[in-house]
Protein chains: 2
Amino acid sequence: MEENFESIADVYKALGDKTRLRIMALLSHGELCVCELVGALSMSQPSISQHLRKLKQAGLLKERKTAQWVYYSLDVVKFPLLEDIVRALPDVAQEYQALLSQGLGTRCNVSL
Amino acid sequence: MEENFESIADVYKALGDKTRLRIMALLSHGELCVCELVGALSMSQPSISQHLRKLKQAGLLKERKTAQWVYYSLDVVKFPLLEDIVRALPDVAQEYQALLSQGLGTRCNVSL
DNA sequence: CTATAATATAAGTAAATTGTTATATAACGA
DNA sequence: TCGTTATATAACAATTTACTTATATTATAG
């Protein structure tokens with residue numbers, strides 16, 4: 001019981017950051033690789049990787065590795081309420097489409 | 001748009017603490033005064049007051065002052081999703097009933 | 001094999017968080 | 001009015017968080 005509140009708090013702690021919320025909003029439209037998120041959020045790559053790790057540790061994201069890319073996507077299994085939560089976020093469909101129009105993963109060869 | 005993510009993040013930040021989640025779970029059954037929460041959670045009075053302030057600043061609680069007591073209750077108006085969020089918390093009906101059975105507010109005269 | 005791109009991790013730092021104790025404020029009761 | 005109860009706030013210490021820069025890891029391309 002005590003333990004339960006703790007692990008649920010960890011979920012909300014993971015969501016309690018505007019950068020991570022923007023990541024969740026983008027991923028609600030589909031999976032994205034790290035470098036695409038770096039481009040979309042204009043933050044440093046280590047910072048994005050660390051945010052993704054937190055979201056993954058909270059059980060909110062899953063990853064899929066292909067070639068040199070790691071694609072992240074929402075994982076609604078462990079926390080079904082997540083669907084409603086991301087639905088309540090500001091819409092970022094336009095930003096997501098902008099990423100797609102450049103070709104998934106393939107336009108990440110920008111200088112770090 | 002940027003601003004929006006920030007204020008939503010503040011809500012989840014407020015929920016990202018196990019003590020505050022326990023407070024929300026208790027208040028989901030009805031309003032309680034500060035000293036009742038102090039008794040239920042066995043934490044210091046200043047600590048509880050500070051947690052309540054955070055929840056209130058995030059727009060999740062409202063307060064009602066009567067005599068020397070301040071009663072807090074859930075405020076689902078600004079953030080409708082809150083109803084689903086508290087419903088997903090562990091049940092504390094038993095703890096809440098234990099508080100009520102001692103007489104609302106009236107059994108708070110314990111030594112600080 | 002080597003250079004490069006994508007990602008992760010480590011170390012360091014500044015800022016935010018959470019508890020504590022001490023004190024202020026305000027209402028009540030004798 | 002005086003002492004007590006309920007609550008809030010201030011000041012401080014310990015911990016956690018969120019960046020930064022530097023480096024490690026892994027896959028790919030040539």
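Chain letters run A, B, ... following the sequence lines, proteins first and then strands; every chain starts at 1.
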Practice task
Report the C-alpha distance between S49(A) and Q45(A) in whole Å, list the side-chain angles of each, state the deciding distance to 0.1 Å, and finish with yes or no for side chain to side chain donor-acceptor pair (under 3.5 Å).
Solution key: CA-CA 6 Å; S49(A) 274; Q45(A) 175 269 317; 3.1 Å; yes
Exercise for the section: Specify the residue among Q68(B) and T19(A) whose closest nucleotide of DNA chain D lies further upstream toward the 5′ end. Expected result: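 Counting from the 5' end, the first nearest nucleotide belongs to Q68(B).
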Whole angstroms only, please: what is the [atom1]-[atom2] distance between [X] and [N]?
| X | N | atom1 | atom2 | result |
| --- | --- | --- | --- | --- |
| Y71(A) | dA8(C) | OH | P | 13 Å |
| I23(A) | dA18(D) | CD1 | C1' | 12 Å |
| I48(B) | dG19(C) | CD1 | P | 8 Å |
| L15(B) | dT17(C) | CG | C1' | 16 Å |
| D17(A) | dT17(D) | CG | P | 11 Å |
| L41(B) | dT18(C) | CG | C1' | 15 Å |
| Q57(A) | dA18(D) | CD | P | 12 Å |
| L52(A) | dA18(D) | CG | C1' | 14 Å |

Handout entry: Listed partners of K54(A) passing salt bridge (Lys or Arg N to Asp or Glu O under 4.0 Å), at least two apart
Key =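 K54(A): no salt bridge (Lys or Arg N to Asp or Glu O under 4.0 Å) contacts found.
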Would you say [X] places a side-chain N or O within less than 4.0 Å of OP1 or OP2 belonging to [N]?
| X | N | value |
| --- | --- | --- |
| H51(A) | dC19(D) | yes |
| R53(A) | dT7(C) | no |
| Y72(A) | dA8(C) | yes |

Problem - Minimum-distance pair of heavy atoms, taken over all atoms of L74(B) and S28(B) - result: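 Answer, listing the atom of L74(B) first, then S28(B): CD1-CA, 3.7 Å.
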Practice task
List the protein contact pattern of nucleotides 20-25 of chain C with one symbol per nucleotide (5' to 3'): B for base contact, S for sugar-phosphate-only contact, - for none; contact means a heavy-atom distance under 4.0 Å.
Solution key: BBB---
Exercise for the section: Select base, sugar-phosphate, or nothing to describe what K13(A) touches, counting heavy atoms under 4.0 Å on all strands. Expected result: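 It contacts sugar-phosphate atoms only.
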Exercise for the section: Using a 4.0 Å heavy-atom cut-off across all strands, classify K54(A) as base, sugar-phosphate, or nothing. Expected result: sugar-phosphate
Practice task
Verify the neighbour count for atom CD of E63(A): are there more than 12 heavy atoms of other residues, nucleotides or ligands below 6.0 Å?
Solution key: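 Check passes, neighbour count above 12.
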Practice task
Decide if atom NZ of K56(A) counts as having more than 12 heavy atoms of other residues, nucleotides or ligands within a radius under 6.0 Å.
Solution key: no
Exercise for the section: Give the ring-plane orientation class for Y12(A) versus Y12(B), where under 30° counts as parallel, over 60° as perpendicular and anything between as tilted. Expected result: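 Ring orientation, 0 to 90° scale: parallel.
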Handout entry: With L55(A), the side chain to side chain contact (heavy atoms under 4.5 Å, CB included) member among L60(A), D17(A), L27(A)
Key = L60(A)
